[in-house]
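A short write-up of the structure that comes next.
Throughout, protein chains are lettered first and strands after them, A, B, ... in sequence-line order, and every chain is numbered starting at 1. Since the model is a prediction, treat every value here as computed from it, not as a measurement.
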Number of protein chains: 2
Amino acid sequence: MAAERGSGRDPAYLMDLLWRTQPSGSRGPRGSLSVDRVVAAAVEIADTEGIAGVSMRRVAERLGVTTMSLYNYVPSKDDLLDLMFDMAAGEPDPTDWPDDWRGGLTAFAMAQRQALLARPWMLDVPISAPPMGPSNLAWMEAALSIMDDTPLTEGDMMGVLSILSGHVLNEARLQVTMERATPRLGVEYADWNVLYGQMLARAAASGSYPTVARVAAKAFTEEESGGPDADFRYGVDYVLDGAAALMRARQAG
Amino acid sequence: MAAERGSGRDPAYLMDLLWRTQPSGSRGPRGSLSVDRVVAAAVEIADTEGIAGVSMRRVAERLGVTTMSLYNYVPSKDDLLDLMFDMAAGEPDPTDWPDDWRGGLTAFAMAQRQALLARPWMLDVPISAPPMGPSNLAWMEAALSIMDDTPLTEGDMMGVLSILSGHVLNEARLQVTMERATPRLGVEYADWNVLYGQMLARAAASGSYPTVARVAAKAFTEEESGGPDADFRYGVDYVLDGAAALMRARQAG
DNA sequence: CTCTAACTATGTACACCGTACAGTTTGTAT
DNA sequence: ATACAAACTGTACGGTGTACATAGTTAGAG
């Protein structure tokens with residue numbers, strides 16, 4: 001029977017993979033590869049060709065090994081993708097972050113955004129498990145330790161973190177989607193305004209979306225909306241204002 | 001030459017597809033299908049088998065037609081997925097929503113969440129273009145018209161909407177991921193607490209994530225965390241508190 | 001009324017995918 | 001020395017999206 005763990009959809013097994021704590025029975029020959037090398041090769045491919053370029057065959061080829069050999073290190077491609085995500089996230093470097101919670105969280109958000117924009121394919125991997133790899137935990141640690149000296153409840157801290165990095169993720173997704181959808185029409189980034197302009201024209205023409213037509217027209221016309229960076233900062237400030245309000249409430253209570 | 005639009009990655013062409021405003025030259029035989037029927041069939045498959053069950057062959061089979069025939073109505077599978085997303089989103093029904101902005105936006109968020117949880121596969125479709133289909137616009141209209149009588153700037157309204165529905169999306173994604181990752185271990189939803197407990201034990205053991213260990217332990221121990229519904233409401237309130245603060249500021253300024 | 005261009009539908013084919021499975025080689029623990 | 005687990009190979013299967021050539025159908029142009 002032998003417990004037969006490792007079907008890949010066993011969460012405990014995925015944990016062992018993420019943390020590289022696989023019990024390696026030392027009977028046969030020691031493998032020429034390692035989980036790390038497999039994942040690293042996959043990440044390299046994704047970096048240059050996007051997620052679509054990552055196939056088991058291509059990864060194996062890059063490692064000079066048969067396709068099926070990879071399955072000695074990784075139970076399935078889905079798991080490989082999870083591993084890639086964690087490795088690509090990397091660990092944050094908070095040394096240069098400001099000391100105050102507001103500055104710290106802002107730096108945190110910007111760093112996380114930068115990590116995503118540097119590897120847009122991360123937004124393409126269908127995450128099949130809640131984030132529980134070492135890198136993800138390191139990011140979590142960075143954010144939580146910033147809020148540690150504030151009057152926030154533990155629940156609040158988790159809430160703020162969730163909303164903040166949710167915003168980071170959404171904004172990055174939007175930006176990447178935009179950049180991809182922007183064909184070789186014009187130059188620069190302003191193209192998607194044109195696209196949205198078309199949409200709004202359509203909306204206005206139908207008459208069914210009066211508020212959208214008016215509000216969006218105004219919001220997009222406003223003489224340079226500031227681009228994605230400004231939108232991102234706006235959201236971060238919005239979320240952190242909420243955190244500040246929470247702190248005041250907790251302290252007063 | 002004939003302009004040759006329609007490669008599927010042409011945004012204007014996608015717009016025509018979404019809005020069903022395709023110029024249909026009436027020369028040859030009229031097709032036995034329609035964009036709507038194709039998309040509807042794909043949605044039906046996704047509803048019962050998830051996104052993985054949707055392949056061009058299966059859709060064609062369900063419609064009693066050859067696979068390649070679908071390409072007369074839809075330029076590629078990626079576009080089909082975009083179309084599916086818009087159709088599945090449906091139009092909101094705001095008739096029963098409260099009149100005040102706060103109640104209205106809360107109802108909006110809950111409705112959007114419900115729509116996503118009813119069709120979890122929507123979270124699996126890799127959206128390849130910014131939301132600009134009729135359904136998505138209807139949701140946008142619903143939210144914006146709620147905020148129309150408030151002192152919010154047009155930019156603020158877009159910002160609040162973005163953060164709010166971003167939160168909805170993130171929370172839904174998290175919940176669905178959790179439910180999927182939960183194998184047939186125990187009963188009920190509390191299982192993922194066990195999973196997260198394992199992770200935290202690992203984190204505490206390594207000593208590298210002290211804050212995570214302490215904070216998360218506290219946050220998860222707190223005698224029934226309230227489940228996903230409570231987390232969701234917490235976030236909605238958080239975001240709407242921010243909107244209220246913004247309104248006060250705009251009115252005072 | 002014919003003809004022809006536009007359009008729909010079919011069938012075949014290609015390159016690629018993830019991975020199950022059987023068999024071979026390799027190395028260590030007994 | 002030998003048993004045996006582990007690493008690795010090669011082949012095969014059922015699936016994918018879609019390019020392409022072909023045939024059939026219609027409506028407008030002449």
Side-chain angles (χ1 to χ4, degrees), chain A residues 1-9 22-38 41-42 45-46 49-84 124-126 128, chain B residues 1-9 22-38 41-42 45-46 49-84 124-126 128:
Chain A
M1 274 311 131
E4 198 49 274
R5 68 203 290 273
S7 73
R9 296 297 91 197
Q22 281 242 72
S24 65
S26 55
R27 196 57 174 276
R30 313 242 253 96
S32 61
L33 267 43
S34 67
V35 176
D36 260 310
R37 288 194 56 202
V38 172
I45 295 178
E49 308 180 37
I51 208 81
V54 178
S55 78
M56 299 302 273
R57 275 173 247 256
R58 300 263 295 102
V59 173
E61 181 189 21
R62 170 173 274 258
L63 290 169
V65 131
T66 326
T67 307
M68 291 313 290
S69 196
L70 299 182
Y71 287 90
N72 284 314
Y73 302 91
V74 152
S76 74
K77 189 188 177 182
D78 284 343
D79 294 282
L80 175 57
L81 288 174
D82 280 349
L83 294 171
M84 288 172 65
D124 297 326
V125 346
S128 58
Chain B
M1 276 310 132
E4 198 49 273
R5 71 203 288 272
S7 75
R9 296 298 90 198
Q22 281 241 70
S24 64
S26 56
R27 197 58 171 275
R30 309 237 254 95
S32 62
L33 267 43
S34 67
V35 177
D36 260 309
R37 287 196 56 203
V38 171
I45 295 178
E49 308 179 39
I51 207 82
V54 178
S55 78
M56 299 304 272
R57 275 173 248 257
R58 302 262 295 102
V59 174
E61 180 190 21
R62 170 173 274 257
L63 290 169
V65 132
T66 327
T67 306
M68 290 312 290
S69 196
L70 299 181
Y71 288 89
N72 282 317
Y73 303 91
V74 152
S76 75
K77 188 188 180 183
D78 284 343
D79 293 281
L80 175 56
L81 289 174
D82 280 349
L83 294 171
M84 287 172 65
D124 298 326
V125 346
S128 58

[X] [atom1] to [N] [atom2]: how many Å, rounded?
| X | N | atom1 | atom2 | answer |
| --- | --- | --- | --- | --- |
| B:Met56 | C:dC14 | CE | P | 21 Å |
| B:Leu70 | C:dG11 | CG | C1' | 15 Å |
| A:Asp78 | C:dT19 | CG | C1' | 12 Å |
| B:Ile51 | D:dT16 | CD1 | C1' | 15 Å |
| A:Asn72 | C:dG18 | CG | C1' | 16 Å |
| A:Arg37 | D:dA7 | CZ | P | 15 Å |
| B:Lys77 | C:dC16 | NZ | C1' | 14 Å |
| B:Leu63 | C:dA9 | CG | C1' | 14 Å |

Check whether any side-chain heavy atom of A:Met56 sits under 4.5 Å from a side-chain heavy atom of A:Tyr71, and report yes or no. yes

Heavy-atom check, side chain of A:Ser128 versus side chain of A:Asp82, under 4.5 Å: yes

Collect all protein-nucleotide pairs involving nucleotides 27-30 of chain D in which both atoms are nitrogen or oxygen and the distance is under 3.5 Å.
from	atom 1	to	atom 2	distance (Å)
D:dA27	O4'	B:Arg27	O	3.1
D:dA27	N3	B:Arg27	NE	3.4

How would you list, by chain and number, every residue that makes a side chain to side chain contact (heavy atoms under 4.5 Å, CB included) with [X], sequence neighbours excluded?
| X | result |
| --- | --- |
| B:Asn72 | B:Ser69 |
| A:Ala46 | A:Val54, A:Met84, A:Trp121 |
| A:Arg27 | none |

Report the C-alpha distance between B:Leu63 and B:Leu70 in whole Å, list the side-chain angles of each, state the deciding distance to 0.1 Å, and finish with yes or no for side chain to side chain contact (heavy atoms under 4.5 Å, CB included). CA-CA 9 Å; B:Leu63 290 169; B:Leu70 299 181; 4.1 Å; yes

Can you figure out which of C:dC17, D:dT18, D:dC8 approaches the side chain of A:Tyr73 most closely? D:dC8

With side chain to side chain contact (heavy atoms under 4.5 Å, CB included) as the test, would you mind laying out the steps for B:Leu81 and B:Ile51 before giving the verdict? CA-CA 9 Å; B:Leu81 289 174; B:Ile51 207 82; 3.9 Å; yes

Just by modelled atom types, is the A:Leu33 backbone N or O under 3.5 Å from a matching donor or acceptor in the A:Tyr73 side chain? yes

Which residues pass the side chain to side chain donor-acceptor pair (under 3.5 Å) test with A:Arg57, sequence neighbours left out? none

When you check every protein heavy atom under 4.0 Å of nucleotides 20-25 of chain C, what one-letter string (B, S, -) results, 5' to 3'? BB----

Select from A:Arg57 and A:Leu33 the residue whose nearest nucleotide in DNA chain D is closer to the 5' end of that strand. A:Leu33

How is B:Ser55 classified with respect to the nucleic acid when contacts are heavy atoms under 4.0 Å: base, sugar-phosphate, or nothing? sugar-phosphate

Counting any heavy atom closer than 4.0 Å, what does A:Ser32 reach on the DNA or RNA strands: base, sugar-phosphate only, or nothing? sugar-phosphate

